[in-house]
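Each chain gets a letter, A, B and so on, in the order its sequence line appears, and its residues count up from 1.
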Amino acid sequence: MSSPDGAGASQTLAVIDFETTGMSPGMGARATEIAAVLVRNGQIVGRYQSLMRSGAWVPPFITQLTGISNAMLEAAPAAAEVMREVGEFIGDAPLVAHNAAFDRGFWRAECERADVAPPPVDSGFACTLLLARRLYPEAPNHRLGTLKAFHELPDAGRAHRALADAEVTAHLLLRMQRDVERRFEDQIGEEGATHALLLKLQRAPRQRLGDCVRAHRVVCAA
DNA sequence: TGCCAGGCCCTCTTTAGGGCCTT
């Protein structure tokens, strides 16, 4: 049997999280911190975290939210240097984030500014927010902090810091992979809940997740 | 703190509007 992404149980996924000065790079917001957590074989196998000096001003409410100040960024490595470093750390591992649309926007913008090619984005960006809405409709809401409490995930430190949020997202991803494999045990096959399957599930109608897994299996077996 | 934006989902929809989630 083969998997369309060439992966199996040992597939390495990269969970990333940005802290930023605002909501949209299109409105001038810049990244202030990035973290990447590698997961493989059901566990965290690598961590990267760095503040990023872009020259952008950090608003007071962002400092209050994240603990990241303008003074901290003055001593941080340049944003372009950090993006090159994190790109090397991640390699060709497929990406995952909570509300991936947000992190994808900053990933693309900061890669472009740093003149770094962003190949992992082209292989798809799995989103634990979209997956949580499908897998856990009974959760009070699908914010990262709520899902952490809902599943009693391990504490990773201060929320709204990149590494802590990336680690919580990584634990959520691992929980989701286990739940998908358990829930669709009869259909899922040996490769398990791969990145390719998660990309399909996050777009599938909530009531037809089983059909999605079966259809994925047919593609894998072809 | 809650706007801003962007992408997505849901429904009182589809020639739309409102809510969720991220910093």
Side-chain angles (χ1 to χ4, degrees), chain A residues 14-37 49-70 72-73 76 79 82-83 86 95-113 118 120-151 153 156-173 175-176 198-209 211-212:
Chain A
V15 180
I16 71 162
D17 185 77
F18 277 105
E19 302 305 317
T20 72
T21 61
M23 300 305 294
S24 171
M27 297 293 289
R30 294 294 305 270
T32 57
E33 186 179 44
I34 186 171
V37 173
Q49 176 271 331
S50 181
L51 293 168
M52 301 169 62
R53 174 172 46 82
S54 69
W57 177 71
V58 182
F61 73 90
I62 290 290
T63 297
Q64 190 175 19
L65 178 71
T66 66
I68 297 172
S69 67
N70 286 293
M72 290 166 67
L73 296 187
V82 172
M83 290 309 295
V86 72
L95 296 179
V96 182
H98 195 71
N99 194 10
F102 176 86
D103 291 281
R104 182 175 54 219
F106 281 95
W107 179 263
R108 285 175 170 161
E110 294 297 343
C111 281
E112 189 172 330
R113 287 175 179 272
V121 171
D122 297 332
S123 65
F125 215 131
C127 179
T128 51
L129 168 62
L130 296 181
L131 285 163
R133 284 175 174 162
R134 285 160 175 79
L135 295 173
Y136 313 121
E138 71 279 18
N141 60 58
H142 299 94
R143 297 172 192 160
L144 185 60
T146 301
L147 292 167
K148 173 177 177 285
F150 185 71
H151 287 304
L153 300 175
R158 175 180 175 148
H160 295 298
R161 285 302 298 263
L163 184 57
D165 284 0
E167 283 209 37
V168 171
T169 304
H171 285 296
L172 177 60
L173 170 68
R175 170 67 189 245
M176 287 173 163
L198 296 178
L199 287 175
K200 291 178 181 174
L201 283 175
Q202 73 185 30
R203 302 285 182 204
R206 187 180 295 164
Q207 305 303 327
R208 302 193 63 182
L209 298 184
D211 293 342
C212 178

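Look at the C1' atom in both B:dC8 and B:dT13: the space between them is 15 Å, to the nearest Å. Remark: the separation of the C1' atoms in B:dC12 and B:dG17 is 10 Å, to the nearest Å. Atom name P, nucleotides B:dG19 and B:dC4: the rounded distance is 13 Å, in whole Å. Distance noted for atom P between B:dG18 and B:dT23: 26 Å (whole Å). Here the separation of B:dT14 from B:dG2, taken at their C1' atoms, is 31 Å to the nearest Å.
Among the candidates A:His160, A:Glu19, A:Met52, the single residue satisfying the side chain to side chain contact (heavy atoms under 4.5 Å, CB included) test with A:Glu33 is A:Glu19. Residue A:Leu51 forms a side chain to side chain contact (heavy atoms under 4.5 Å, CB included) with just one option from A:Ile34, A:Thr32, A:Ile68, and that option is A:Ile68.
Comparing B:dC9, B:dT22, B:dT23 by their nearest atom to the side chain of A:Arg203 picks out B:dC9. Of the listed nucleotides (B:dG7, B:dT22, B:dC9), B:dC9 has the atom at the smallest distance from the side chain of A:Arg134. Taking the side chain of A:Thr66 as heavy atoms from C-beta on, and the options B:dG7, B:dC21, B:dT23, the nearest nucleotide is B:dT23. Taking only side-chain atoms of A:Arg104, from C-beta outward, the nucleotide of B:dT23, B:dC21, B:dC8 with the closest atom is B:dC8. Of the candidates B:dC20, B:dT22, B:dT23, B:dC20 carries the atom nearest the A:Arg133 side chain, counting heavy atoms from C-beta on.
In this structure, A:Met23 atom CE and B:dC21 atom C1' are separated by 7 Å, rounded to whole Å. Rounded to an integer number of Å, the gap from A:His142 NE2 to B:dC8 P is 17 Å. One interatomic measurement links the two molecules: CH2 of A:Trp57 to C1' of B:dT23, which rounds to 14 Å at whole-angstrom precision. Going from atom CD of A:Gln207 over to atom C1' of B:dC10 covers 13 Å, rounded to whole Å. Rounded to a whole Å, the CZ atom of A:Phe102 is 10 Å from the C1' atom of B:dC21. A:Leu129 places its CG atom 10 Å from the C1' atom of B:dC9, with the value rounded to the nearest Å. In this entry the distance linking CZ of A:Arg161 with P of B:dT22 reads 18 Å, nearest Å. Atom CD in A:Gln202 sits about 15 Å away from atom P in B:dT22, given to the nearest Å.
Both A:Asp165 and A:Pro60 sit near DNA chain B, but only A:Pro60 has its closest nucleotide nearer the 5' end. The 5' end of DNA chain B is approached more closely, in terms of each residue's nearest nucleotide, by A:Ser24 than by the other of A:Arg206 and A:Ser24.
Using a 4.0 Å heavy-atom criterion, one finds that A:Met27 contacts the sugar-phosphate atoms exclusively. Residue contacts shown for A:Asp103 are absent, as no nucleic acid heavy atom lies under 4.0 Å away. Counting any heavy atom pair closer than 4.0 Å across all strands shown, A:Ile62 reaches a base atom. Residue A:Phe106 is out of contact with every strand shown, counting any heavy-atom pair closer than 4.0 Å.
With values rounded to the nearest 0.5 angstrom, A:Thr63 atom OG1 is found 8.0 Å from A:Trp57 atom CH2. Going from atom NZ of A:Lys200 over to atom CG of A:Asp211 covers 13.5 Å, rounded to the nearest 0.5 Å.
OP1 or OP2 of B:dT22 lies within a sub-4.0 Å distance of a side-chain N or O belonging to A:His98.
Although no hydrogens or angles enter the test, the distance criterion places no donor-acceptor pair under 3.5 Å between the side chain of A:Arg203 and the main chain of A:Leu199.
Partners of A:His151 under the ring pair (Phe, Tyr, Trp, His ring centres under 6.0 Å) rule, at least two apart in sequence or in another chain, are A:Tyr136.
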